[in-house]
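Below is one structure; the comments refer to it alone.
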Amino acid sequence: MEYVETAGVRIPKIGLGTWQNTGTECTKTVEAAIDTGYRHIDTAQAYDNEQAVGDGIAQADIDRESIFLTTKVWRSNLRYEDVLESVHESLDNLRVDYVDLVLIHWPHPRIPLEETLEALSELHDEGVVKSIGVSNFTRSQLEDARRISELPIVANQVLYHPYTDQSELQQYCAANGLALTAYSPLARGDVLSEEILERIGRQYDKSAAQVALRWLIQQEGVVAIPKASSKSHLEQNLNVFDFSLTDAEMTQIDDCRGPLTVQLRNRLPSVVRHLPI
Ligand code: 1BO
C-alpha cells in the first residue's frame, strides 16, 4: 500500500467506498475488503450503512488501529450542536471510540463554516476525531475552510474519474499538502468500456478500471475510494501499485471526456452544492 501524507495523517491511497452499499451486503464487503488487504474504509451518516460498516470491521480479523476510517456529517447537521450529536451517533453506529477522519459532506450555503468547524475542533479535543476535512467543496470554499479552521483540513473528497476535470483542485491540494479523495473513481462503471483505458491496459495486462485508478493515484495527493462487492473486483482495485503510466498515457487519459450523458451527470455536485438542503 502507498499513502498520501498530510499534516501528520497517513491516508492509504486506495480505500473502499461504501456509498449505495447497505445492510448485509455492505458488512460482507467490508469484511472481505479488509481480508483482501484494504486498510481504508469510507462511509457517511447519509449512506445509512454505518452499522453495517461497523459490523464488517468487527467481523474482520484486524485491530481497529490498523484501519483508516472516514465518516461524514450530512449538510442538514452542520449546526454546532448537530455536528456533536451526528458524530457521536456515527461512533455509536460504527461501534468505535474514534474515527480517523470526519468530513463535512456538502457545504451548506446558510450555515456558517465557523460554527461547523468549531464543533469539529471540539470533537478533536475530545479525542474522538483524529482529523477533519471536507467533501464536494469548490476551491474557493476549500480556501475559506482552511482560513477559518484551527485544525488542518486534510482532505477534500470530490467526484473524480477520467471523465471529470479536477485539475485545478488537484493542483491546489497538491500545492497545499492536502489529499484530494476521488469518489466514484470509475464513473459508476462508465469508464469500464473506455477504449483508451482498455488499450493502455493491454500494455500492462491491466483492466480499464485498474488504469483509471492508476491514473488517479499517480497524481500527487490523490486517493481513490472505488466501490466493489465481489472478491475479484476488490482484489483488482487494490492491485494498481505494480505498474506506472507514462506521461503521454496520463495526458491521453486527462483528455478523455466521455459520453455526453456522463458529462451532464458530472455537473450534479455543482448543482446540489447551491441547494439549501
Ligand atoms: C450524496 C453522496 C455523494 C458521495 O458521498
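Everything numeric in this text was worked out from a predicted model, so none of it was measured. Just follow the structure's listing: the first ligand is 1, and inside any ligand the first atom is 1.
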Whether E115 side chain and Y80 backbone form a donor-acceptor pair below 3.5 Å: yes

Where at least one partner belongs to residues 8-23, residue pairs that pass salt bridge (Lys or Arg N to Asp or Glu O under 4.0 Å), sequence neighbours excluded: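 The answer is E2-K13, E5-R10.
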
Student check: side-chain heavy atoms of S90 and V73 closer than 4.5 Å: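 The answer is no; the side chains never approach within 4.5 Å.
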
Residue list, ring pair (Phe, Tyr, Trp, His ring centres under 6.0 Å) with Y98, at least two apart or on another chain: none

Close residues, ligand 1: non-hydrogen atom nearer than 4.0 Å: W19, Y47, H105, W106, Y183

T27: side chain to side chain contact (heavy atoms under 4.5 Å, CB included) partners, not counting sequence neighbours: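 Listed in chain order: A52, D55, Q59.
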
Trace of the ring-ring contact (aromatic ring centres under 6.0 Å, His included) decision for Y47 with H105: CA-CA 11 Å; Y47 298 169; H105 205 150; 5.6 Å; yes

